[in-house]
J.: 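Quick one: structure below, then a few questions.
Both backbone and side-chain heavy atoms feed into the values below; hydrogens, waters and symmetry mates do not. Throughout, numbering of the chain's residues begins at 1 and tracks the sequence.
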Amino acid sequence: MENKDLAKSILYNVGGKENVNSLVHCATRLRFKLKDESKANTDLIKNIDGVMTVVQSGGQYQVVIGDKVPLIYDEIARKIGIQQENAEDSITDKNEKISSKLVSILSGLFTPVLGLMAAAGILKGILVLLTTMGVLKATDGTYIILYAAADAFFYFLPVVLGFSAGKVFKVNQYIGAMLGAVLVYPTLVTAYSSGAHLTFLRIPVVLMSYSSSLLPAVFSVFALAQLDKVLRKVIPDVLKLIFVPLLDIVIMVPLTLLIVGPVFSELGKLLSTISMSIYGVSPLIAGFILAGVWQIAVLFGMHWAFIPIFLNNIAVHGFDPIDAMLYCTVFGQTGAALAVAIKTKNHKQKEIATAATISGFLGITEPIIYGVTLPRKRPFIAASIGSAFGGAIAGTFGSKMFGGFASGGVFGIPMFIDPKHGVNAGFIGFISSLVVSFVIALILTFIIDKDPIEKNDLNTVTVEATRAENVTPLTFREDDAIKSPVSGAIVPLEQIKDEVFSSGSMGKGIAVELTDGEIVSPVNGIVKTLFPTKHAIGLISDNGAEVLIHIGMDTVNLNGRGFYSHVIQNQHVAVGDPLLTVDLKLIKEENLKVTTPIIITNTPDYDNIEVNSDSLVHVGDTLLTLIAKK
């Protein structure tokens, strides 16, 4: 499906732009905040070609797309409009659970910057690798410039998070960034480094190092948002433009330096101490448990709660051991996906698994999880088991992540090299954890995974019993009788005023001038395609015929008005089962034709297609007779 069509289908089925409060995206997912999730047609969205699955977690409606999610996001963002991006939360948001609100806040803070954060971290790791190998020296101009590019993000993290928090807490983002900038303002940094003493209105200021810090900027902007609401209520509209920002600055900058900054800086140290203490009880057990359940946590969006811990540990200690234990989970999933790609006999699944394996090596696991391991279940279990043993190894060897945030598959590996000691036991243990996770998941998947029986895999379905008896395998491509899904006057295809159909480029078939708005199934088979506008539906019969029913001419312009579906994609139907109900009166009022082509889109698979020669047809009459190639 083309990007524009995919975007249009997703937006339509989440309830339209009127149902969207906000939209962001990460590496593989569209993350909607909907006004009313019950209005979203989740079953249909899951079955749209190009969508892997839908996850509802943490107050977000997440549509998993894969690598091309930025392109789909751009298409939807244009349709939504900028005003929707800044829309206020709906009433339903106020009733969210605290845990869901927390996940929403954390994802809102980090999703926009996650790619840049990972890129900066990877560049840092590569520079460590190059200096360890002697390719560069820390005094080289090349190293200094590239290190500035890599480290600037983390050094000025309070500024970045201040801006991001402004959007999350719905306050002026530039004031939020300014509060973050105050925390790393050069004069204050110099005063701290030199041991100077400052006061504000004779109140001593506790000078601290806030570079790379996380909590002070976020909570300062949270406090700013509360102050800003009060000021906007009490200050007259004519004075708001200047005096609201002025008072925001005058009040919040001293408050940040006197109270919020020091308090939450110490809280960050406390959280780091607690997390390190838990890790220190038994790194082996911690690694085994955390890595074993990590991808499950990712499924439910719980991983957002760990990102602040990773970054906080780096800010406080200069390293983080927890992400080092979890990094192997990407390779566990990748090993399972590779096993499926090698073992499966399903051609489509082999293609999906192969592409997903490549994305796994690049650090993106959603295509693996939602396209390969989770649907098959056993590979997901195998990947989790392999990851658990890998995490235990990383914990036992004391592996650590240095100077950033790793999320880049093979490209993130250099981030685990100790900048001071180079390749040590911790790094060797880390590499071992990746290999162990990958190999165990690969072998286990080979042992326990089986291709699911696809009842409707109509390309080359074989019957195992006939194979065992050395009989030619049965393929479901036989003579077929297509019953009429509608009632009305028959119109030869070449006479309708639509060149796409009349030319036969879509396939052979027939058209019917509808006299009734009930559309039923013409075959025993599955619903392969249900267009979001419901003006057309595609089916595949159990004998392999691919049937397209296109209701009316140019009815796509109705955007679904007057069309009511009784089925979803991939649903099995029998001859005569209701598919759609159509408001013929509405179509005619819009000056549109009710001429409905019924096309066999895989016409080349048949020797001949015989067309009903009557002038009228009723539901259930034989409309087309398909003669299969012998």
Side-chain angles (χ1 to χ4, degrees), residues 1-3 5-7 9-10 25-30 42-55 62-73 295-296 298-299 329-384 386-387 409-410 437-438 441-462 526-530 538 540 546 568-571:
M1 185 179 288
E2 295 292 331
N3 291 341
D5 295 333
L6 178 55
S9 297
I10 292 171
H25 74 88
C26 56
T28 58
R29 309 184 194 193
L30 295 169
T42 302
D43 289 333
L44 282 179
I45 295 173
K46 286 181 178 179
N47 286 287
I48 294 174
D49 185 23
V51 173
M52 293 181 178
T53 192
V54 173
V55 179
Q62 305 171 20
V63 182
V64 184
I65 301 294
D67 297 343
K68 65 176 184 179
V69 68
L71 302 176
I72 306 304
Y73 170 83
Q295 292 298 337
I296 298 175
V298 171
L299 289 177
T329 62
V330 172
F331 290 83
Q333 291 289 333
T334 305
L338 180 59
V340 172
I342 296 172
K343 183 180 179 182
T344 184
K345 297 176 182 178
N346 184 302
H347 180 69
K348 182 177 180 181
Q349 183 71 89
K350 189 181 289 290
E351 287 183 348
I352 294 172
T354 301
T357 300
I358 296 171
S359 73
F361 280 118
L362 298 177
I364 300 173
T365 57
E366 277 90 344
I368 296 176
I369 294 173
Y370 295 116
V372 183
T373 60
L374 197 59
R376 299 171 74 97
K377 296 182 179 63
R378 292 181 180 182
F380 187 86
I381 295 171
S384 296
S387 299
V410 294
S437 297
F438 182 86
L442 181 76
I443 294 173
L444 270 181
T445 301
F446 261 111
I447 295 172
I448 68 175
D449 183 48
K450 295 180 180 179
D451 271 342
I453 298 174
E454 299 288 351
K455 295 181 181 178
N456 296 303
D457 182 4
L458 302 175
N459 291 324
T460 52
V461 178
T462 62
I526 60 170
V527 178
K528 193 61 179 177
T529 305
L530 179 62
I540 301 182
E546 299 176 11
I568 62 173
Q569 284 186 220
N570 290 334
Q571 178 178 331

J.: Can you tell if the side chain of Ile48 reaches within under 4.5 Å of the side chain of Leu6, non-hydrogen atoms only?
T.: yes
J.: When rounded to the nearest 0.5 angstrom, what is the spacing between OH in Tyr73 and CG in Leu30?
T.: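 Separation between the atoms: 9.5 Å.
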J.: Identify the heavy atoms of Ala336 and Pro379 that sit nearest to each other, and give their distance.
T.: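 Shortest heavy-atom contact: CB-O, 3.6 Å.
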J.: Judged by atom type as modelled, is there a donor-acceptor pair below 3.5 Å linking the side chain of Arg378 to the main-chain atoms of Ile448?
T.: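 Yes, Arg378 side chain to Ile448 backbone: donor-acceptor pair under 3.5 Å.
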J.: So, taking the atom named OG1 in Thr329 and the one named CD1 in Ile296, what distance separates them when rounded to the nearest 0.5 Å?
T.: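 Output value for this atom pair is 11.0 Å.
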J.: Should Asp449 and Lys377 count as side-chain neighbours, where that means a heavy-atom distance under 4.5 Å?
T.: no
J.: Return the minimal non-hydrogen interatomic distance between Ile368 and Gly360, and the atom names on each side.
T.: CD1-CA, 3.7 Å
J.: Identify the heavy atoms of Ile10 and Val63 that sit nearest to each other, and give their distance.
T.: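 In terms of heavy atoms, the two residues are closest at CD1-CG1, 4.2 Å.
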J.: When you measure from the side chain of Lys46 to the backbone of Val54, do you find a donor-acceptor pair of N or O atoms at a distance under 3.5 Å?
T.: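 A pair under 3.5 Å: no.
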J.: Identify the heavy atoms of Ala353 and Ala337 that sit nearest to each other, and give their distance.
T.: CB-O, 3.7 Å
J.: State the CD1-CZ distance between Ile443 and Phe438, to the nearest 0.5 angstrom.
T.: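 Rounded to the nearest 0.5 Å, the CD1-CZ separation comes out at 10.0 Å.
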J.: Got a sec, which residues hit side-chain hydrogen bond (donor to acceptor under 3.5 Å, both in side chains) with Thr42, two or more places apart in sequence or on another chain?
T.: Tyr61
J.: Any side-chain heavy atom of Glu546 within less than 4.5 Å of one from Lys528?
T.: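 With C-beta onward as the side chain, the pair stays apart.
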J.: Starting at CZ of Arg376, measure out to CG of Asn346 and round the result to the nearest 0.5 Å.
T.: 7.5 Å
J.: Of the non-hydrogen atoms in Leu442 and Gly335, which two are nearest, and what is the gap between them?
T.: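 Between these two residues, the closest heavy atoms are CD1-O, 3.3 Å.
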J.: Please enumerate all residues that pass side chain to side chain contact (heavy atoms under 4.5 Å, CB included) together with Val330, with sequence neighbours excluded.
T.: Thr334, Thr365
J.: With sequence neighbours excluded, tell me which residues meet side-chain hydrogen bond (donor to acceptor under 3.5 Å, both in side chains) with Thr344.
T.: Asp451
J.: Nearest heavy-atom pair of Gln333 and Ala383: which atoms, and what distance?
T.: NE2-CB, 3.5 Å
J.: Are side-chain heavy atoms of Ile65 and Val51 found at a separation under 4.5 Å?
T.: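 In contact.
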J.: Regarding Ser384 and Gln295, do their side chains bring together a donor and an acceptor under 3.5 Å, going by distance alone?
T.: no
J.: Would Val527 and Ile568 count as a side chain to side chain contact (heavy atoms under 4.5 Å, CB included) if you check the C-alpha gap in whole Å, the side-chain angles of each, and the deciding distance to 0.1 Å?
T.: CA-CA 7 Å; Val527 178; Ile568 62 173; over 6 Å; no
J.: So how far is it from Asn3 CG to Ile72 CD1, rounded to the nearest 0.5 Å?
T.: 4.0 Å
J.: If we only count heavy atoms from C-beta on, is the Val372 to Ile352 side-chain gap below 4.5 Å?
T.: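 Side chain of Val372 against side chain of Ile352, heavy atoms only: contact under 4.5 Å found.
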J.: Which label fits Phe331 and Phe361: parallel for a plane angle under 30°, tilted from 30 to 60°, or perpendicular past 60°?
T.: perpendicular
J.: Hey, is the main chain of Gly386 close enough, under 3.5 Å, to the side chain of Ser437 for a donor-acceptor pair?
T.: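 Yes, because the side chain of Ser437 sits within donor-acceptor range (under 3.5 Å) of the backbone of Gly386.
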